[in-house]
Amino acid sequence: MGRFLFFICVLCFQHHLFSQATYPTDYFEKPLGIPLILSGTFGELRSNHFHSGLDIKTQQRQGLNVYASAEGYVSRIKISHWGYGKALYIRHPNGYTTVYGHLKKFSPKIEAYIKKRQYENESFTIQLFPKEEELKVAKQEIVALSGNSGGSGGPHLHYEIRDENERPVNPMLFGIKIKDTKPPLIRAAVAYTFSQASHVNQTNGVKELNFKVQKDGSLRADQVEAYGTIGFGINTVDKQDGALNNNGIFSLEMLVNGTKNYSHTVDKFSFNETRYLNTLIDYARFYKKRQRIQKLFVEPANKLSIYDDVKNNGYLTIKDGKSYTVQIIAKDFKGNIKKLIIPVKGKKDSIYIREKVITTPHFFKANEFNKIENDKVTVAFPKKSFYKDLYFEFKKEQDVVFLHNGSVPIHKNFTLSFDVSEYSLEEQNKLFIARVNKKGRPSYSNTKRKKNKLYTLNKRLGNYALFSDNQPPKIRPVNFKKGQWLSKYRYLKVHISDALSGIKSYRAEIDGEWILMEYDAKRSLLTYDFKDKKLSNNKHTLKVIAVDNVNNSNTYIATFFRKQ
């Protein structure tokens, strides 16, 4: 019996070892020919998701050579107005896929492959899945030029490595080297209580802690007097050599009296879990102060797979008369650490500040379908749209619907619908639903129409209203005038914009034939490359049509001259 138990223990130990993935560290080369400095790390906390790769600085410029990290074939190409913009996916023989995003353009053979299909589909945005034999690439072959396309906030290369199950994995685990000798920073620490009787420094609710830097560089908080079930959270960022920006840490752990109570490491994740990041952070504090506090406890709705060595879900039970030393350690990938020591004295005390609970007529249970109907407005939330039960604030004043507030995260799309039967059909066709910011400015929410109703799906609470858009988009030339000779021009540029509902689509033609005008949505700029195709004759007619989200349209026509 003893040998059998020993054998089982050995098997369990071996399973644990082999379940810890090992990655080839000499297979992938860096994708740029410059020293790698990051503007974003893997697993960094972003809005509603973890960052799935490395954002590599490109010296504040575009056009750097982007190299294939290893041999393989182009398995996917996606060109979109936002997101990764121009993105390339390369599948490798070892089962991994590398991703290159925010590109300016592709290598000649890939560019030709894409443009042929863009012209066939008469569309700039496109998604392609080449066959294995179509676009093979060698290791360190130039596959693209770096850029600033899509939702990029500045020139850089977004670089990912994904496993066979399309899960992003930290590229630094594969030997991609980044110089980093600086420890993380801890900029704030917060304590939480989880029952009516528990308290921290006579406060039932959320309490921010004070701390000071010690001689050894660690941090030490003022002594906390607490009782009952509590938890901690910190705001932490990493600093790296050669960069001033704030990056994400690699791991976070908490020890209580020398015993590990909590630990998480963001070395890989799946895209279907990434939105649960909103349960890792104090979302309400982020909404109010734009500061992300990472909780060192795991709430019931949290489905993230990043945790290990978590006891009692990270919650601490503080007993009267007992003393505790809480040590929180933030670590970057290179092993640089920052420690915060929190001395805790168990003391059952009076509570002078108690967290206020605001009640409303609408109490939502997170695991149930919830719906409100009121004065021609209906809002419906699927099961598990919320991470916890709550009293939901709802009101309608004139044309504005108030849906609680943005401090509560939503996991699934809710449906907001308006009865617009009081409007004529002509008026209905110009209406759209928009989210309204604090200054009263509308932001178009994708609006659908069904008989006398308008509805939208969204994942952000806040204020919504109906707006009417009767104005067509604006179109103006940028680098030419009507009737101008353009023989020496390489590019033709046109600006399109719409003040209310926004641009839905556009089409451009020269002499009646569709042309590829690349759309930079950030700058509202259309660009045509004259090298795309030869033009016959000297006189030509450019036609650009822009349509907004309620189908108002505008057409710009200009004659120009060009010798080939």
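Side chains are part of it too, since the values below use all heavy atoms of this structure and drop only hydrogens, waters and symmetry mates. Treat the numbers as computed from the prediction; the structure is a model and nothing was measured.
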What's the separation between atom [atom1] in [X] and atom [atom2] in [Y], rounded to the nearest 0.5 Å?
X	Y	atom1	atom2	result
Lys136	Tyr73	NZ	OH	10.0 Å
Asp282	Tyr192	CG	OH	3.5 Å
Leu526	Met517	CG	CE	5.0 Å
His92	Ser75	NE2	OG	8.5 Å
Gln140	Asn65	CD	CG	10.5 Å
Lys412	Leu457	NZ	CG	13.5 Å

With a 4.5 Å limit on heavy-atom distance, are the side chains of [X] and [Y] in contact?
X	Y	answer
Ile79	Phe106	yes
Phe333	Leu173	yes
Asp548	Ser501	yes
Lys493	Arg523	no
Val344	Phe232	yes
Arg507	Glu122	yes

Taking the ring of [Y] and the ring of [X], is the distance between their centroids below 6.0 Å?
X	Y	answer
Tyr100	Tyr159	yes
Phe269	Phe42	yes
His49	Phe271	no

For Asp308, check salt bridge (charged side-chain N to carboxylate O under 4.0 Å, His left out) against everything at least two apart and list the hits.
-> none

Could you give the side-chain donor-acceptor pairs of residues 248-260 under 3.5 Å, partners two or more places apart or in another chain?
| from | atom 1 | to | atom 2 | distance (Å) |
| --- | --- | --- | --- | --- |
| Asn257 | OD1 | Thr325 | N | 2.8 |

Apply salt bridge (charged side-chain N to carboxylate O under 4.0 Å, His left out) to the pair Lys182 and Asp241, showing each step before the final yes or no.
-> CA-CA 7 Å; Lys182 298 179 180 180; Asp241 297 38; 5.6 Å; no

Reference residue Lys239; test side chain to side chain donor-acceptor pair (under 3.5 Å); the match among Asp180, Asn247, Asn246 =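 Going through Asp180, Asn247, Asn246 one by one, the side chain to side chain donor-acceptor pair (under 3.5 Å) with Lys239 is satisfied by Asn246 alone.
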
Side chains of [X] and [Y], donor plus acceptor under 3.5 Å:
X	Y	value
Thr265	Asp267	no
Asn302	Tyr307	yes
Ser39	Asn245	no
Ser52	Tyr84	yes
Glu299	Thr279	no

Please check if the number of heavy atoms outside [X] that lie under 6.0 Å from its [atom1] is greater than 12.
X	atom1	answer
Lys295	NZ	yes
Lys177	NZ	no
Lys384	NZ	no
Glu71	CD	no

Tell me, please, whether Tyr113 has Arg117 positioned over its six-membered ring: NZ or CZ under 6.0 Å from the ring centre and within 45 degrees of its axis?
->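 Positive - Arg117 is close enough to the ring of Tyr113 and near enough to its axis.
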
Just do the salt bridge (charged side-chain N to carboxylate O under 4.0 Å, His left out) check on Arg76 and Glu166 with the steps written out, would you?
-> CA-CA 12 Å; Arg76 182 184 177 194; Glu166 283 295 305; 5.1 Å; no

Ion pair present between Lys131 and Glu133, side-chain N to carboxylate O less than 4.0 angstrom?
-> no

Presence of salt bridge, Asp55 and Arg46, under 4.0 angstrom =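 Salt bridge: yes.
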
Partners of Thr125 by side-chain contact (heavy atoms from CB on, under 4.5 Å), sequence neighbours excluded?
->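 Residues passing side-chain contact (heavy atoms from CB on, under 4.5 Å) with Thr125: His81, Ser123.
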
Working for salt bridge (charged side-chain N to carboxylate O under 4.0 Å, His left out), residues Arg91 and Glu132 | CA-CA 9 Å; Arg91 180 82 170 177; Glu132 184 172 350; over 6 Å; no

Mind running ring-ring contact (aromatic ring centres under 6.0 Å, His included) on Tyr96 and Phe174 for me, showing each step along the way?
-> CA-CA 11 Å; Tyr96 290 98; Phe174 296 84; 5.0 Å; yes

For Leu340 and Arg220, work out which heavy atoms get closest and say how close.
->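 Answer, listing the atom of Leu340 first, then Arg220: CD1-N, 4.3 Å.
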
What are the two closest non-hydrogen atoms of Asn458 and Ser445, and how far apart are they?
-> ND2-OG, 3.0 Å

CA sep, side-chain torsions, deciding dist, call: Glu518, Lys105, salt bridge (charged side-chain N to carboxylate O under 4.0 Å, His left out) | CA-CA 11 Å; Glu518 298 195 357; Lys105 65 184 303 182; over 6 Å; no

Yes or no on ring-ring contact (aromatic ring centres under 6.0 Å, His included) for Tyr506 and Tyr519, after CA distance, side-chain angles and deciding distance?
-> CA-CA 9 Å; Tyr506 68 91; Tyr519 183 39; 5.5 Å; yes

